[in-house]
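Read the structure below first, then the notes.
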Amino acid sequence: MNVEELSGLPPGALEHFRDEGIEELYPPQAEAVEAGILEGDSLVAAVPTASGKTMIAALSMLSAVQRGGKALYIVPLRALASEKKAEFDAYEEFGVTTGVTTGNYESTDEWLATKDLIVATSEKVDSLVRNGADWLSDLTCVVSDEVHLIDDRNRGPTLEVTLAKLRELNPGLQTVALSATVGNADEIADWLEADLVDTDWRPIDLQMGVHYGNALEFHDGSTREVPVEGSEKQEAALVRDILQEGGSSLVFVSSRRNAEAAARRLSQVSSRELTDEERSKLSELADDIRNVSDTETSKDLADCVERGAAFHHAGLASEHRTLVEDAFRDRLLKMISATPTLAAGVNTPARRVIVRDWRRFDPTAGGMSPLDVLEVHQMMGRAGRPGLDPYGEAVLLANSHDEREELFERYVWGEPEPVRSKLAAEPALRTHVLATIASGFARTREGLLEFMQATLYASQSTEGSRLESVTDDVLEYLESNDFIEREGGASTAGSTETDQTVEAATDAFVSASELTEDSDAGSDGAQAADSAAVDLTATSLGHTVSRLYLDPMTAAEIVHGLESADDRPTALGLYQLISRTPDMYELYLRSGEDETFGELFYEREPELLGDAPSEYEDARFEDWLASLKTGKLLEDWADEQDEDRLTDEYKIGPGDLRGKVDTAEWLLGAAESLANEIGSEWTVAVREARARVEHGVREELLELVSVRGVGRKRARQLYDVGIEGPADLRTADKGVVLAVLKGEKTAANILENAGREDPSMDGVEPRTDLEGVEVRTDRGGSRATTDGNGGTDEPDDDQASLGDF
DNA sequence: TTTGCGGCCATATAGACAGCATGTC
DNA sequence: CTATATGGCCGCAAA
């Protein structure tokens, strides 16, 4: 089908596609058009990566906009949101505007309401639904990218529930779900009442094979000699082999450490094939990487990059990841070894994909378990760059004849697993049941269960009673924690007639009045006739929790923690409190650390909020210590310890540290709202702890870091020469300021931001003798002889007790 | 005595969304 | 119950 034949798109769109070099639709795209996506029909497209899914989405959304509608594109990752936004921005050319909204991007409702296309993460959409964003009811088309993630235990239910809610909110909503090829795309299509396009077609050929010994054997029977020389590893031979043809490679491994080790080893291979120009560009890139953060990880990565290779995993800071991904796409980096992050993330195609480790450690399985076929297919799908490579190659590594057979069976010829809803898991239900009640999607237990009928879970489960009983458990939990109230009927399922008659006497009036109200809730109408209906309402606290996007269990923990505090909670107390909630991804204890943190526990026990589990309850006590470890990490960060030191001491990557800090910021912000809600007297303590973790500073620097351009390091240096806040910056000796801040521009900017009237640094000489000014000596005077950052790296914690008297 | 290397044992193991109100070194 | 890479440690042999 030719692009010219498409109708119903905004004027100028066809021209745009032509300019992009798109003339003929790929067969799956043509099928999608025939299925009616241009007329607003729903569709599930289960097609391989890089076979034009985005075009299917674009056609659906643009035709919806042309009909006067508005479209939403749901992505699983923030990084993908920006990637898609950049892609859709090109439509501005013909007047179609795009907005993004994710947790850390700006987003005002009014602003989004004016956009034609909106890109958002599934959690953000869920949050928008909970907060009742008006423009949601204007949507006429929703695209859900990577919809197979519904299978994900943690985040799948959010996507599932969100899609169900959007569809209930907007009857007739065009739903376009894009999925990897999965075992049961037809079930998803049934659920969404959509047509199905299910195909293995790819624009460039994908050769799948297994390397064993000195030979690479492909699924079509062809083979290729790839001899392993000397003591080199299989992957080294494969990387070298394809590099000599000018192709890049992507090696998937099972752990971060493996990724780093492989990159180090393989950089010896890539290093041999670099031109001088590439070398100099790579060395610039390496400098950029070192500048991102002053940590071991950063240095190791830079060292590899200089030689044309890189590793990629979640321990990297996001800037690291972006730099590496971009350089790889620009063909500057020849090889990346990665954990599965890369398979699900932004588009980073390579000529040859090597899936080295196909087993992964899984403690729940008691050891190593094979990767899902779906997952391996996602990795293999990264092979082949459209327009650049004649074909892509995906290679698995075997070290025995038997393993080679197994790999062919399992991954080359094997079918991917079906997608299974994980909604019935209690943690997921806790959150979504509360949200469903709080945002008015269900007002009775029966209405709630009926809403659940609209989920994939219901369409897949054979015994509906499971969902019902878990739902009742969850309702029980929510009620006992004061998030919801239940009235009328009986409090649990399976109640008898006699129970009801007793209750009915007192609740008859309430039920009758609810009857009329229910009629505008639509779906509840049928149940309302049943006098035994249990009315569900969210309490004020429940509403807050739902809007804050907290797991109810997190909220309960925080509320209890704050209520149990007799004295003003310390920062550590609050940090440990949020670290033990399910919304904080825990650092686990390494061997030997149970002792270290056991000691810390006895030392700081009075600061911790709530009751510690008994030491004899092994598992729970371990968890408690693990959250103490996370809390201590946050305290150290807020005590101005160097990033380098923290990543080293806690054996985490810079990305992990930032992730923890980020989460802590979010949870403490939420904790402040909760403190307000329950009338706790500790809101100020919470706010201060949050501010400290946000900027990574001690209390005395909080004023300084509020000045734009001043972060934790500059603030400390200013403080050490006696400048304690914006007011001091306005009156301070410019020579002193300049001596501390180095650059004239920086100094002038900061003075301006502090509100100084004459910020200019023209003609100001940095003071070399800081004798004449008030120098802080109470924290160890050596700091004042500042000549950079060397020398004064002595741990600050020794002074912690001196600092706050 | 020092240095280098192989073998053995212990150890550790992927990922990352969200509120709210503004901006690092 | 399953695997595998790494790093520390030890003992041995060569320098």
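Note that the structure is a prediction, hence the values are computed from the model and not measured.
- For A/K651 and A/D656, the salt-bridge test fails: no basic side-chain N is under 4.0 Å from an acidic carboxylate O.
- Of the P atoms belonging to C/dC1 and B/dA18, the separation is 39 Å, rounded to the nearest Å.
- For B/dG15, the OP1/OP2 oxygens have a side-chain nitrogen or oxygen of A/T339 closer than 4.0 Å.
- Pairing of B/dA16, defined by two Watson-Crick or G-U wobble distances under 3.5 Å, is not identified with any nucleotide.
- Taking 4.0 angstrom as the limit, A/S254 places none of its side-chain polar atoms (N or O) nearer than this to OP1 or OP2 of C/dT4.
- Taking 4.0 angstrom as the limit, A/R78 places a side-chain polar atom (N or O) nearer than this to OP1 or OP2 of B/dC17.
- The structure places CE of A/M379 at 10.5 Å from CG of A/L374, a figure rounded to the nearest 0.5 Å.
- DNA chain B is contacted by both A/V253 and A/H695; A/V253 maps to the nucleotide lying nearer its 5′ end (nearest heavy atom per residue).
- Atom CH2 of A/W666 and atom P of B/dA18 are 9 Å apart (whole Å).
- Contact between the side-chain N/O atoms of A/S255 and the OP1/OP2 oxygens of C/dT4 is not found at any separation under 4.0 Å.
- Using a 30° and 60° split on the angle between ring planes, A/F597 and A/Y650 fall in the tilted class, from 30° to 60°.
- Nucleotide C/dA14 is matched to B/dT2 when pairs are restricted to Watson-Crick or G-U wobble geometry with both distances under 3.5 angstrom.
- Atom-to-atom, CD of A/E406 to C1' of C/dA3 comes out at 13 Å; the value is rounded to the nearest Å.
- The existence of a salt bridge linking A/R645 and A/D648 is excluded, since no basic side-chain nitrogen approaches an acidic carboxylate oxygen closer than 4.0 Å.
- For the pair A/R256 and B/dG15, the criterion of a side-chain N or O lying under 4.0 Å from OP1 or OP2 is met.
- Of the side-chain N and O atoms in A/K124, one or more sit less than 4.0 angstrom from OP1 or OP2 of B/dG19.
- Here the C1' atom of nucleotide B/dG15 and the CE atom of A/M584 are 16 Å apart, to the nearest Å.
- Of the side-chain N and O atoms in A/T663, none sit less than 4.0 angstrom from OP1 or OP2 of B/dA18.
- Rounded to whole angstrom, the span from the CZ atom of A/R360 across to the P atom of C/dT4 amounts to 15 Å.
- For the atom pair CG (A/D639) and CZ (A/R692), the distance works out to 5.5 Å, reported to the nearest 0.5 Å.
- The distance between atom CG of A/N399 and atom C1' of C/dA3, rounded to the nearest whole Å, is 10 Å.
- If you measure from atom NE2 of A/H312 to atom P of B/dG15, you get 10 Å, rounded to the nearest angstrom.
- Separating the C1' atom of B/dC17 from that of C/dA3 is a span of 31 Å, rounded to the nearest Å.
- The pair A/D152-A/K422 fails the salt-bridge criterion, with no side-chain N (NZ, NE, NH1 or NH2) lying under 4.0 Å from an Asp/Glu carboxylate O.
- In terms of phosphate contacts, A/R359 brings no side-chain nitrogen or oxygen within less than 4.0 Å of OP1 or OP2 of C/dC1.
- Between A/V707 and A/T341, the one whose closest nucleotide on DNA chain B sits nearer the 5' end is A/T341.
- Nucleotide C/dC1 forms a pair with no other nucleotide shown, judged by Watson-Crick or G-U wobble geometry with both contacts under 3.5 Å.
- A 3.5 Å limit on both hydrogen-bonding distances identifies C/dG8 as the Watson-Crick or G-U partner of B/dC8.
- In this structure, A/L159 atom CG and B/dA16 atom C1' are separated by 16 Å, rounded to whole Å.
- For the pair A/M368 CE and B/dT11 C1', the interatomic distance rounds to 14 Å; values are reported in whole Å.
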